[in-house]
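Inspection log for the structure reproduced underneath, given as structure tokens.
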Amino acid sequence: MSTGNEKIAIIGAGLGGAAAGALLQHAGFNVQIFEQAPSFSRLGAGIHMGPNVLKIFQRIGMDQKLIDISSTPAYWFSRDGLRGDYLSRIPLEGYGATYCTVHRGDLSALQMDTMTPGTVQFNKRLTRLEDNGSDVYLEFQDGTSARATIVIGADGINSRVRETLLGAEKPHYSGWVGHRAMISAEKLKKFDLTFEDCVKWWGPDRHMMVYYTTSRRDEYYYVTGVPHPAWEFDGAFVQSSREEMSEAFAGYHPVIQALIEATDDVTKWPLFNRNPLPLWSQGRMVLLGDACHPMKPHMAQGAAMAIEDAAMLARCLEETGSQDYATAFRLYEASRRDRATQVQTVSNANTFLQTQEDPSWVYGYDVYAEPILDKSVA
Ligand code: FAD
């Protein structure tokens, strides 16, 4: 794989960057990750990790560790948010690996453990990078710099690497926000109601997705999608409130009212988007995950696509070696573009699993069983 002197720099140690780091390191590459955050803390948010991702985590010995700390729902229920009727009961078993819902912080901590200590350098905000033909020069906000043979931009929706490839362009505000709250299951005991493992409550123009985030089922989490005409705040999120939630979900089902009553802390996140990019790589720089194809989160597959990207990119680099990165990047984009775009489109439409449908195309997908495609890309 590596001939010794090559170095792969990954920008961002989010779920996609960390997956790329671990997979490339397991394949024998010399990898360094540069992350802008000073450290990662256990912020209040959950995440779904479907069987398509667990198949990848098997490769780095992380699948069972994740299952051990996650809730593993047997069904995704879709219910009418006002009346409570079941719109669909989608089995989450039978796709070749387990379906997990978990705390994002716990997932991230497991991912960090899959890499050699020291792989991730924190407090390294990339400010500038330049491909000079023979390597890439990286400059960070703290005044330090580095050089790498190739650079993987896993730096999220406001990617500096994407900006270098394609120019500055703000993502589009989708007109929607997501509220996020983590609730102590203890607080739900007083209600004579059933809190299902994984359920999406659908209203005419809004929804609330709810699930447990631990194997102990002591944390219950909700994330909404609610129309909100303009995002008038600075920063990634703002504080919301129980009152705002009550107003947004007035008249909704008693389970939703109970969740709002049990809410201690709730935040509000703008949902941003981009159109499919005209290119995924240029020279020695390549993109993955939200840097490349951000989407509204309504399919719970954004991070999954970042991790699938990481797996396919690692496969392509293993196939070609890092010196022939140009071929690897071409194969990677050819093998990933259609799937990522399809998921991006369905996720943005917010229809996935609302009615009884077969989700095998998403969960049954095994990135290692897919052919590496060699079609030329526009
Ligand atoms: P990110 O997770 O954004 O990571 C980027 C990293 O790069 C960050 O750590 C950041 O600090 C770092 N970085 C950025 N700029 C720089 C820089 N200049 N220098 C150095 N470091 C930098 N997806 C799912 O699969 N399942 C779900 O259930 C789910 N729920 C969601 C709910 C909500 C409300 C939202 C908003 C998203 C949800 N997603 C979900 C989508 C998912 O969060 C993203 O798709 C995923 O995090 C993308 O991963 P990434 O690694 O590409 O980018």
Side-chain angles (χ1 to χ4, degrees), residues 9-21 32-41 43-50 52-53 70 76 99-104 107-108 111-112 120-129 138-142 144 146 151-164 171 174 176-181 198 200 207-211 213 221-226 236-237 266-274 287-310 340 343-344 347 352 362-363:
I10 300 173
I11 311 302
L15 303 177
Q32 189 75 65
I33 306 188
F34 299 100
E35 166 58 48
Q36 66 179 4
S39 63
F40 286 149
S41 52
L43 290 174
I47 195 154
H48 299 240
M49 288 281 105
N52 46 326
V53 177
S70 299
W76 165 310
Y99 194 106
C100 296
T101 58
V102 67
H103 195 291
R104 283 177 90 106
L107 172 65
S108 171
Q111 282 196 297
M112 291 299 136
V120 182
Q121 287 190 35
F122 287 96
N123 261 323
K124 291 286 173 193
R125 180 180 175 74
L126 180 78
T127 48
R128 195 170 78 83
L129 74 167
L138 304 155
E139 217 168 71
F140 302 99
Q141 198 168 40
D142 64 359
T144 59
V151 174
I152 300 174
D155 46 347
I157 190 159
N158 294 305
S159 168
R160 178 49 60 108
V161 183
R162 190 212 65 82
E163 191 179 310
T164 306
S174 67
W176 287 53
V177 294
H179 302 88
R180 286 168 148 171
C198 179
K200 186 163 175 177
H207 67 261
M208 182 185 276
M209 177 87 227
V210 198
Y211 51 90
T213 57
Y221 169 72
Y222 66 73
V223 54
T224 73
V226 173
F237 67 94
V266 53
T267 51
K268 186 164 71 174
W269 301 67
L271 304 181
F272 288 106
N273 232 328
R274 281 188 197 280
L287 301 171
L288 66 73
D290 275 12
C292 195
H293 43 65
M295 57 190 83
K296 280 164 80 188
H298 306 323
M299 251 174 101
Q301 283 289 322
M305 289 307 105
I307 294 166
E308 286 184 8
D309 284 351
V343 171
Q344 192 181 25
S347 200
F352 186 59
V362 182
Y363 304 145

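Whatever order the structure lists ligands and atoms in, that order sets their numbers, starting from 1.
- Aromatic ring orientation, Trp76 versus His48: tilted (interplanar angle from 30° to 60°).
- Of all protein heavy atoms, the one lying nearest to atom 14 (C) of ligand 1 is Asp155 O, 3.2 Å.
- Of the protein's heavy atoms, Pro297 CB, 3.5 Å lies nearest to atom 31 (C) of ligand 1.
- Remark: ligand 1 atoms within the under-4.0 Å shell around heavy atoms of Ala154 are 5 (C), 6 (C), 7 (O).
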Residues Thr267, Leu43; criterion side-chain contact (heavy atoms from CB on, under 4.5 Å); working and verdict: CA-CA 11 Å; Thr267 51; Leu43 290 174; over 6 Å; no

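- Remark: minimum distance from atom 51 (O) of ligand 1 to any protein heavy atom is reached at Gly16 N, 2.9 Å.
- Looking only at protein heavy atoms, the nearest one to atom 29 (C) of ligand 1 is Ile47 CG1, 3.9 Å.
- Side chain of Thr127 to backbone of Glu139: a donor-acceptor contact under 3.5 angstrom is found.
- Contact check on Asp142 versus Arg125 returns no salt bridge, with no Lys/Arg side-chain nitrogen under 4.0 Å from an Asp/Glu carboxylate oxygen.
- One N or O on the side chain of Arg274 and one on the backbone of Ile157 form a donor-acceptor pair closer than 3.5 Å.
- Gly12 CA, 3.2 Å is the protein heavy atom nearest to atom 7 (O) of ligand 1.
- Judged by distance alone, the side chain of Lys200 and the main-chain N or O of His298 form a donor-acceptor pair under 3.5 Å.
- The side chain of Ile11, and not its backbone, has at least one atom closer than 4.0 Å to an atom of ligand 1 (non-hydrogen atoms only; side chain from C-beta on).
- Note: an N/O pair closer than 3.5 Å links Ala304 and ligand 1 by distance alone.
- Remark: Ala13 engages Ile33, Glu35, Phe40, Met112, Val120 in a side chain to side chain contact (heavy atoms under 4.5 Å, CB included) (not counting sequence neighbours).
- At under 3.5 Å, a nitrogen or oxygen of Ala300, whether backbone or side chain, sits near a nitrogen or oxygen of ligand 1.
- Using cut-offs of 30° and 60° for the angle between ring planes, the Tyr211 and Tyr221 rings count as perpendicular.
- The option with the heavy atom closest to atom 53 (O) of ligand 1, from among Ala45, Ala306, Gly156, Gly14, is Gly156.
- Using a distance-only test at 3.5 Å, with no hydrogens or angles considered, a donor-acceptor pair links the side chain of Asp155 to the main chain of Arg160.
- With hydrogens and angles disregarded, no donor-acceptor distance shorter than 3.5 Å links the side chain of Ser174 to the backbone of Asn273.
- Tyr222 is linked by a ring pair (Phe, Tyr, Trp, His ring centres under 6.0 Å) to nothing, counting only residues two or more places apart in sequence or in another chain.
- When non-hydrogen atoms are compared, ligand 1 lies under 4.0 Å from neither the backbone nor the side chain of Val53.
- Considering backbone and side-chain atoms together, Ala303 places an N or O closer than 3.5 Å to an N or O of ligand 1.
- Ranking protein heavy atoms by distance to atom 18 (N) of ligand 1, first place goes to Leu126 O, 3.1 Å.
- Rounded to the nearest 0.5 angstrom, Leu107 CG and Ile307 CD1 are separated by 6.5 Å.
- For atom 44 (C) of ligand 1, the closest non-hydrogen atom on the protein side is Asp290 OD2, 3.3 Å.
- For the pair Trp269 and ligand 1, no heavy-atom separation below 4.0 Å is found.
- Atoms of ligand 1 found under 4.0 Å from any heavy atom of Phe34 (numbered from 1 in listed order, with element): 20 (C), 21 (N).
- Under a 3.5 Å cut-off, the side chain of Asp290 and the backbone N or O of Gly302 do not form any donor-acceptor pair.
- For ligand 1, one of its N or O atoms has an N or O atom of Glu35 under 3.5 Å away.
- The nearest heavy-atom contact from the protein to atom 21 (N) of ligand 1 is Gln36 N, 3.1 Å.
- Residue contacts with ligand 1, taken as heavy atom pairs separated by less than 4.0 Å, involve His48 via backbone and side-chain atoms alike.
- Polar contact check, Arg180 against ligand 1: no nitrogen or oxygen pair lies under 3.5 Å apart.
- Near Leu15, the atoms of ligand 1 lying under 4.0 angstrom from a non-hydrogen atom of the residue are 51 (O).
- Residue-ligand proximity: Gly178 is placed with every non-hydrogen atom at 4.0 Å or more from ligand 1.
- Counting heavy atoms under 4.0 Å from ligand 1, residue Arg104 touches it through the side chain alone.
- Using modelled atom types, no side-chain atom of Gln121 and backbone atom of Gln32 make a donor-acceptor pair closer than 3.5 Å.
- Considering backbone and side-chain N/O of Phe40, none are found under 3.5 Å from N/O of ligand 1.
- Against a heavy-atom cut-off of under 4.0 Å, Val223 is close to the following atoms of ligand 1: 34 (C).
- Listed by atom number, the atoms of ligand 1 under 4.0 Å from Gly289 heavy atoms are 52 (O).
- Close contacts between ligand 1 and Lys124 involve ligand atoms 19 (N), 20 (C) [criterion: under 4.0 Å to a heavy atom].
- Checked by atom type and distance alone, the side chain of Gln344 pairs as donor or acceptor with a backbone atom of Pro294 at under 3.5 Å.
- Although no hydrogens or angles enter the test, the distance criterion places no donor-acceptor pair under 3.5 Å between the side chain of Thr224 and the main chain of Met208.
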